[in-house]
Amino acid sequence: MTEMLSYDFMQRALLAAVLVGITAPAVGIYLVQRRQALMGDGMGHVAMTGVGLGFIFQTSPVWMAVLVCVLGAVTMELVRSRGNQRGDIALAMLFYGGMACGKLLVSLSAQAGAGSLESYLWGSILTVAPGDLAVIAALGAVVVAVTVGLRRQLFAICQDEDFARVTGVPVRVLNLLLAVMAAVTVTVAMRVVGLLLVSALMVVPVVAAQQLTRSFAATQAASIGLGVVVSLAGVTGSYHLNVPSGPAIVLLAIAVFAVFSVIAAPLARRRHRAGAGTGAEPGPRVCDVEIPSPTSPGTTTPERGAGLAQ
């Protein structure tokens with residue numbers, strides 16, 4: 001461990017892992033709540049075009065990926081909000097076009113070579129430069145500030161958009177903001193996890209935490225903690241095993257989910273028996289986020305915010 005920490009690139013990689021471990025689940029919990037777990041995967045495809053443009057113009061692939069991914073996220077949200085039958089086709093075109101365009105641009109750039117795109121696809125601890133770390137820290141701070149500071153409003157639109165709209169919540173603005181934060185998270189995490197696997201780090205720690213927690217706040221805190229742990233462990237393991245950091249992190253996250261699922265099964269049975277013994281239904285997990293009632297200002301209707309996505 002001491003030898004590993006003596007290298008500057010490993011110090012940067014571990015700091016980046018902590019930042020990514022915090023940021024990805026902080027956004028992912030809302031995507032899981034609204035059943036859009038694969039949204040991050042689609043954004044990763046789009047971000048490849050930004051990486052390719054960064055190679056072509058010989059500028060920072062991270063910033064170019066942020067720009068392209070944000071534009072793609074806004075487009076995805078506008079298509080989703082319309083809800084027409086051709087929306088899925090449009091999104092598929094966007095995803096596959098982004099991947100194909102990124103690969104084509106990288107192959108045409110002067111920086112093209114073996115591994116030029118590989119590290120962005122699967123993550124690499126060797127690619128985290130000092131400038132990248134500063135960008136990751138700045139963008140990660142923005143994402144965490146938004147997702148934690150607007151927790152009640154974001155939960156409201158994820159749980160019931162119509163109800164949130166009636167209460168005066170700016171649904172369209174918050175939907176676009178959430179999509180942009182997810183896009184920024186994809187670009188923040190691509191150095192450590194890789195574009196093809198970033199969605200897993202946004203989702204798996206959240207569903208793992210849901211196995212043992214019974215409120216939204218507890219799930220959010222636990223998933224962020226799990227994200228940090230698996231990110232640090234994955235980067236450390238990738239150094240010792242000489243493998244890409246992204247697959248190592250994701251496999252560890254899946255292993256944690258499997259362990260938590262095994263632990264949660266007898267606990268669920270015990271709660272069910274306890275509920276049966278008292279004649280009460282076990283019921284869904286109750287969220288601690290209060291949503292304003294449209295009928296009487298100042299009151300809340302917690303039942304509309306009950307439960308986490310199962």
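Worth saying up front: this structure is predicted, and the values here are computed from it rather than measured. Numbering of residues begins at 1 and proceeds along the displayed sequence.
Considering only heavy atoms from C-beta on, M10 stays 4.5 Å or farther from L5 through its side chain. Side-chain contact check for I157 versus Q153: every heavy-atom pair is 4.5 Å or farther apart. Residues Y120 and M48 fail the side-chain proximity criterion, which asks for heavy atoms closer than 4.5 Å. The side-chain heavy atoms of L139 and V66, taken from C-beta on, include a pair separated by under 4.5 Å. No side-chain heavy atom of L31 sits less than 4.5 Å from a side-chain heavy atom of V203. In this structure, the side chains of R165 and V169 stay at 4.5 Å or more apart for every pair of heavy atoms. For the pair C69/V184, no side-chain contact is recorded, criterion being any heavy-atom separation below 4.5 Å from C-beta on. A heavy-atom distance below 4.5 Å is found between the side chains of Q11 and D8.
With V18 as the fixed residue, the side-chain contact (heavy atoms from CB on, under 4.5 Å) test singles out one of V229, L232, I136: L232. The side-chain contact (heavy atoms from CB on, under 4.5 Å) test with V192 is passed by exactly one of L14, V198, V20: V20. Partner I56 forms a side-chain contact (heavy atoms from CB on, under 4.5 Å) with one of V106, L105, V51 and no other, that one being L105.
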For M190 and V62: C-alpha separation, side-chain torsions, deciding distance, then whether side-chain contact (heavy atoms from CB on, under 4.5 Å) applies. CA-CA 8 Å; M190 69 181 181; V62 176; 3.7 Å; yes
Derivation and outcome, side-chain contact (heavy atoms from CB on, under 4.5 Å), residues H45 and L196: CA-CA 7 Å; H45 289 41; L196 295 182; 4.3 Å; yes
So V188 and L19, side-chain contact (heavy atoms from CB on, under 4.5 Å) or not? Walk me through it. CA-CA 9 Å; V188 163; L19 295 172; 5.6 Å; no
Using side-chain contact (heavy atoms from CB on, under 4.5 Å), reason through M43 and M76 one step at a time and then give a plain yes or no. CA-CA 9 Å; M43 289 183 182; M76 290 166 59; 4.0 Å; yes
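The two atoms that bring A73 and A179 nearest to each other are CB-O, 3.4 Å, heavy atoms only. Contact detail for Y30 and R151: the closest heavy-atom pair is OH-CA, 3.4 Å. In this structure, T185 and M181 approach most closely via the heavy-atom pair OG1-O, 2.8 Å. Pairing each heavy atom of L195 with each of A47, the nearest pair is CD2-CB, 3.8 Å. Nearest heavy atom pair, residue V46 against residue F95, reads CG2-CD2, 4.2 Å. Here the shortest heavy-atom pairing between V128 and R12 reads O-NE, 2.8 Å.
Aromatic ring orientation, Y239 versus F9: tilted (interplanar angle from 30° to 60°).
For the atom pair CG (L150) and CG (L177), the distance works out to 6.5 Å, reported to the nearest 0.5 Å. In this structure, the separation between CD on Q220 and CD1 on I29 is 5.0 Å, given to the nearest 0.5 Å. One finds the OG atom of S261 at 8.5 Å from the CG atom of L212 (value rounded to the nearest 0.5 Å). To the nearest 0.5 angstrom, L94 atom CG is 11.0 Å from C101 atom SG. In this structure, the separation between OG on S107 and CZ on F55 is 11.5 Å, given to the nearest 0.5 Å. Note that CZ of R172 is 9.0 Å distant from CD of E77, once rounded to the nearest 0.5 Å.
Hydrophobic clustering, with ILVMFWY side chains joined whenever heavy atoms are under 4.5 angstrom apart, keeps W63 apart from L71. Residues V74 and L53 are members of one and the same hydrophobic cluster, defined by side-chain heavy-atom contacts under 4.5 angstrom among Ile, Leu, Val, Met, Phe, Trp and Tyr. When hydrophobic clusters are built by joining Ile, Leu, Val, Met, Phe, Trp and Tyr residues whose side-chain heavy atoms come closer than 4.5 Å, directly or via intermediates, V79 is grouped together with L176. Both V144 and V32 are members of a single hydrophobic cluster when ILVMFWY side chains are connected at heavy-atom separations under 4.5 Å. No path of Ile, Leu, Val, Met, Phe, Trp and Tyr side chains, each step under 4.5 Å between heavy atoms, connects V243 with Y7, placing them in separate hydrophobic clusters.
Between the side chain of D132 and the backbone N or O of A129, at least one donor-acceptor pair lies under 3.5 Å. Within the 3.5 Å criterion, the main-chain N or O of V228 finds no donor-acceptor partner in the side chain of S231. Formation of a donor-acceptor pair under 3.5 Å by the Q211 side chain with backbone atoms of V207 is found in this model.
Under the 6.0 Å cut-off for aromatic ring centres, F216 and F155 qualify, their centroids lying closer than that.
Salt-bridge annotation for E161 and R34: present, with a side-chain N of the basic residue lying under 4.0 Å from a carboxylate O of the acidic one.
The local environment of OH in Y96 is sparse, with at most 12 non-hydrogen atoms from other residues, nucleotides or ligands closer than 6.0 Å.
T213 and T219 form a side-chain donor-acceptor contact under 3.5 Å, judged by distance and modelled atom types alone.
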